[in-house]
> 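Sharing a structure here in structure tokens format.
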2 protein chains.
Amino acid sequence: MSQVSAPQDGGFLLDAEDVEQISRAAWYYYNDGLTQNHIADLLGVSRIKVSRLLEKGRQTGLVELRINSPHEGSLRLQEELVAAFGLTDARVVPAAEGLPAAPRIGRASASLLTQGLAPNDLLAIGWGEAVSTTLRYMAPVFPQTNVSLVSLTGGVSAYIGNTGLYGPQGFAHLIPTPLRVSSPELAEMLRVEPYVRHVLDMALTAKTALIGIGSVARSATLVRYGYCTAAEIELFTRQGAVGDVLGYFYDRDGQILDLDVHRHVVAVTPEDMRQIPSVIGAAAGPEKVEAILGLLRGRLANILVTDEPTAKELLRRI
Amino acid sequence: MSQVSAPQDGGFLLDAEDVEQISRAAWYYYNDGLTQNHIADLLGVSRIKVSRLLEKGRQTGLVELRINSPHEGSLRLQEELVAAFGLTDARVVPAAEGLPAAPRIGRASASLLTQGLAPNDLLAIGWGEAVSTTLRYMAPVFPQTNVSLVSLTGGVSAYIGNTGLYGPQGFAHLIPTPLRVSSPELAEMLRVEPYVRHVLDMALTAKTALIGIGSVARSATLVRYGYCTAAEIELFTRQGAVGDVLGYFYDRDGQILDLDVHRHVVAVTPEDMRQIPSVIGAAAGPEKVEAILGLLRGRLANILVTDEPTAKELLRRI
DNA sequence: CGCACAAAGGATCATTTGATCGTCATTCTG
DNA sequence: CAGAATGACGATCAAATGATCCTTTGTGCG
């Protein structure tokens with residue numbers, strides 16, 4: 001159960017002065033249409049620095065490109081997904097061969113959440129790369145809107161450092177345990193531990209949840225983080241698993257399997273998660289298709305963020 | 001009381017296909033960082049067309065650059081304004097000598113509103129250039145969020161065409177009269193006319209209002225649109241007027257003056273407008289300083305959108 | 001039918017931009 | 001404290017971009 005560190009690149013941290021300069025530069029550049037040279041004069045820095053400020057702004061999500069239209073990628077595909085799976089909403093990012101899917105999905109979910117969250121809302125988060133990437137892009141949004149985070153599963157703190165979000169104090173309520181522990185007894189003890197219990201309960205009061213959708217590929221994030229071995233995944237697959245949510249494996253109809261491993265998990269159950277009105281599942285890629293299909297068939301999420309090829313494949317296999 | 005047409009440039013209309021192409025191009029360009037050449041290949045159009053699509057997206061507000069930080073311009077100035085005038089919030093756009101102020105203020109208010117409005121909200125709007133410019137940038141937002149508009153004054157339909165918003169059907173409830181009419185009797189008859197009455201009442205149920213702040217310069221928008229003559233403005237000034245909201249002139253303490261012209265106005269009164277929890281006043285420029293000061297002293301608005309030089313001047317003259 | 005006109009698309013080229021590399025300062029480490 | 005490593009910064013130059021001008025394609029009107 002060794003827990004390797006994230007294979008991602010480091011976090012992006014901004015101090016107050018950065019934020020001020022980036023915001024100012026971004027305003028001049030994007031809204032006023034000034035050249036970087038002109039901005040450099042206004043800010044009293046070199047032109048190249050302006051270029052870097054803008055770059056940093058985009059990278060961190062401080063500067064967000066918002067497309068005021070549901071047409072991101074394809075309105076048609078979005079509508080078809082909603083109709084086909086009885087969803088509340090869907091986002092489909094445009095196709096782009098060769099580009100890594102994770103950050104693209106992350107941006108899309110971040111944008112969806114930024115629009116959907118009201119000030120002081122509570123956002124419940126699951127486990128996975130999609131969640132991690134989304135949070136990174138949302139980092140600048142939290143301090144502004146005063147949105148709090150609460151985790152649906154253990155193991156979240158292992159990667160939340162990547163996102164540039166600070167500590168568990170204040171606005172992040174994270175379950176301070178791994179996602180999976182070595183024995184059912186320990187898992188049970190942790191679940192009834194007051195603070196853990198408290199966070200689990202609180203998570204269910206959120207109006208919005210963001211969850212990753214795990215595939216049962218040998219390259220699954222669960223494996224890469226050391227939560228499962230490839231052999232276990234292999235075994236679960238033979239028992240009918242097509243994917244996982246919150247560490248629980250389900251079959252092609254979205255029914256949670258009766259697996260031993262589930263008794264080792266410290267997390268809200270998918271069944272309890274149904275109490276949350278908006279559950280956003282985010283995933284893309286050919287290896288995720290089966291997992292997404294199962295999740296949607298089982299109505300374990302009602303909003304989907306994915307990309308164009310994946311959406312097409314989902315609709316084909318309906 | 002002749003009503004000249006808007007001195008603005010024409011509206012920007014987008015059809016569904018434009019929206020699709022622009023959204024896609026914008027996603028590829030800003031989020032994925034692809035070059036325009038690459039995007040041209042993906043979309044099957046010429047590179048230069050991609051350039052124009054992106055340009056159009058920014059112009060129309062379909063592509064909005066959102067800065068996820070309250071630091072637009074200067075956090076310090078914003079905080080000082082809030083403290084000095086007991087405001088709920090403030091936005092200060094960065095200084096930029098030589099750039100026309102109107103579109104910059106418009107973008108800032110549009111951004112503030114886009115963030116603040118919930119789906120299905122009702123937005124009350126006053127009269128003026130700042131309102132008109134703001135609405136232009138918000139045009140793509142309305143169909144998406146299902147926000148409805150309601151006018152606080154007559155005369156709004158005269159310029160709403162500029163914004164790319166369609167007709168009064170559906171989401172815009174506009175008072176179908178001029179702002180000012182030729183006799184007090186006619187004004188009174190209009191005010192009690194059922195539909196007008198209905199809109200006036202509805203406007204007061206909005207949770208958010210956006211209003212312009214009129215100066216008493218000879219170049220005031222009221223004059224340019226033919227609602228007032230320069231001579232009248234001159235006269236009002238001698239009676240203590242420093243500015244107007246919704247067609248009503250007030251003095252340096254924000255007290256509405258007892259002027260004959262007010263009996264010719266078809267609009268909600270500033271007094272009634274206090275029922276609206278968030279009243280956003282938007283204005284900038286040296287000639288507006290006195291008007292803004294009066295408005296804020298009289299607590300006729302509790303959120304201010306302005307630019308950096310204006311904010312500094314306001315704080316100096318406090 | 002032809003003409004003028006406007007709108008959209010495309011080619012050219014000056015400007016703007018960001019990738020690359022080298023320098024300097026700062027911090028970590030032995 | 002030296003040395004290495006890291007990161008910030010700026011110069012250079014190739015690539016990307018958009019302003020300008022020109023061509024094409026409709027569109028209305030005499």
Side-chain angles (χ1 to χ4, degrees), chain A residues 5-63 65 94 96 98-100 103 107 136 139 161-162 164, chain B residues 5 8-63 65 67 94 96 98-100 103 161-162 164:
Chain A
S5 65
Q8 303 279 89
D9 48 5
F12 303 82
L13 302 178
L14 300 174
D15 66 23
E17 197 181 344
D18 287 338
V19 172
E20 165 91 27
Q21 265 196 326
I22 293 173
S23 306
R24 203 173 258 265
W27 178 278
Y28 286 138
Y29 191 69
Y30 294 106
N31 285 342
D32 293 332
L34 303 184
T35 71
Q36 297 186 358
N37 251 318
H38 195 159
I39 299 170
D41 290 346
L42 289 172
L43 299 184
V45 301
S46 75
R47 186 192 64 76
I48 200 70
K49 169 133 198 186
V50 173
S51 181
R52 284 178 183 142
L53 286 172
L54 293 170
E55 171 68 17
K56 205 163 167 186
R58 273 171 297 189
Q59 288 306 327
T60 53
L62 180 72
V63 173
L65 176 91
L99 271 63
R107 276 190 193 272
R136 173 186 312 165
N162 285 352
Chain B
S5 66
Q8 305 279 90
D9 47 6
F12 303 82
L13 302 178
L14 301 174
D15 66 23
E17 197 182 343
D18 286 338
V19 172
E20 166 91 28
Q21 265 196 327
I22 292 174
S23 307
R24 205 171 256 266
W27 178 279
Y28 285 138
Y29 190 69
Y30 294 106
N31 284 343
D32 293 332
L34 302 183
T35 70
Q36 296 187 358
N37 249 319
H38 194 159
I39 299 169
D41 290 346
L42 289 173
L43 299 184
V45 300
S46 75
R47 187 191 64 78
I48 200 69
K49 168 131 199 188
V50 173
S51 179
R52 284 178 185 144
L53 286 172
L54 293 170
E55 171 68 16
K56 204 163 168 185
R58 274 170 296 187
Q59 289 307 327
T60 54
L62 180 73
V63 173
L65 178 92
I67 300 173
L99 270 65
N162 286 351

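Below, chains carry the letters A, B, ... as their sequence lines are ordered, and counting in each starts from 1. Everything numeric here is computed off the predicted structure, so don't read it as measured data. What's counted below: heavy atoms across the whole structure, side chains too, no hydrogens, waters or symmetry copies.
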> Which one, C:dG10, C:dG18, C:dT12, comes nearest to the side chain of A:R47?
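The closest nucleotide is C:dG18.
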
> Check each of B:D41, B:V45, B:T35 against B:V50 using the side chain to side chain contact (heavy atoms under 4.5 Å, CB included) test, and report the only one that passes.
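Among the candidates, only B:V45 passes.
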
> Tell me: OH of A:Y30 to C1' of D:dT17, nearest whole Å?
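For the pair A:Y30 OH and D:dT17 C1', the rounded distance is 14 Å.
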
> Would you mind telling me which of C:dT17, D:dT20, D:dA11 lies closest to the side-chain atoms of B:R52?
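For B:R52, the side-chain atoms sit closest to D:dT20.
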
> Rounded to whole Å, please give me the gap between CG in B:L34 and P in C:dG18.
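Checked: the CG to P distance equals 14 Å.
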
> Starting from P on D:dC9, measure out to CD1 on A:I48 and report it in whole angstrom.
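Rounded to whole Å, this separation is 12 Å.
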
> What is the separation between atom CD on B:E55 and atom C1' on C:dG9, rounded to the nearest whole Å?
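In whole Å, C:dG9 C1' and B:E55 CD are 16 Å from each other.
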
> Can you tell me the distance, in whole Å, between the NZ atom of A:K56 and the P atom of C:dG18?
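These atoms are roughly 16 Å apart.
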
> Just verifying a value: how many Å separate B:D32 CG and A:R107 CZ, rounded to the nearest 0.5 Å?
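Here the rounded value is 8.0 Å.
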
> Measure from CG on B:L54 to P on D:dA19 and round the result to the nearest Å.
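Nearest whole value for this atom pair: 12 Å.
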
> Under 4.0 Å: is that the gap between some side-chain N or O of B:S51 and OP1 or OP2 of D:dT17?
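No, because none of the side-chain N or O atoms of B:S51 sits under 4.0 Å from OP1 or OP2 of D:dT17.
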
> Name all residues meeting the side-chain hydrogen bond (donor to acceptor under 3.5 Å, both in side chains) criterion together with A:Y29; count only those two or more places apart in sequence or in a different chain, and write none if there are none.
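Residues passing side-chain hydrogen bond (donor to acceptor under 3.5 Å, both in side chains) with A:Y29: none at all.
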
> From the set D:dA16, D:dG18, D:dG10, return the single nucleotide nearest to any side-chain atom of A:K49.
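Out of D:dA16, D:dG18, D:dG10, the nucleotide with an atom closest to A:K49's side chain is D:dG10.
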
> Between C1' on C:dA19 and CD on A:Q59, what's the gap in Å once rounded to a whole number?
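Distance check: A:Q59 CD to C:dA19 C1' gives 14 Å.
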
> Let me know the distance between OH of A:Y29 and C1' of C:dG18, rounded to the nearest Å.
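So the two atoms are 10 Å apart, to the nearest Å.
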
> Within the structure, does a side-chain N or O atom of A:S46 lie under 4.0 Å from either OP1 or OP2 of D:dC9?
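No, outside the criterion.
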
> Check side-chain hydrogen bond (donor to acceptor under 3.5 Å, both in side chains) between A:R52 and all other residues, then give those that pass, not counting sequence neighbours.
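Applying side-chain hydrogen bond (donor to acceptor under 3.5 Å, both in side chains) to A:R52 gives none.
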
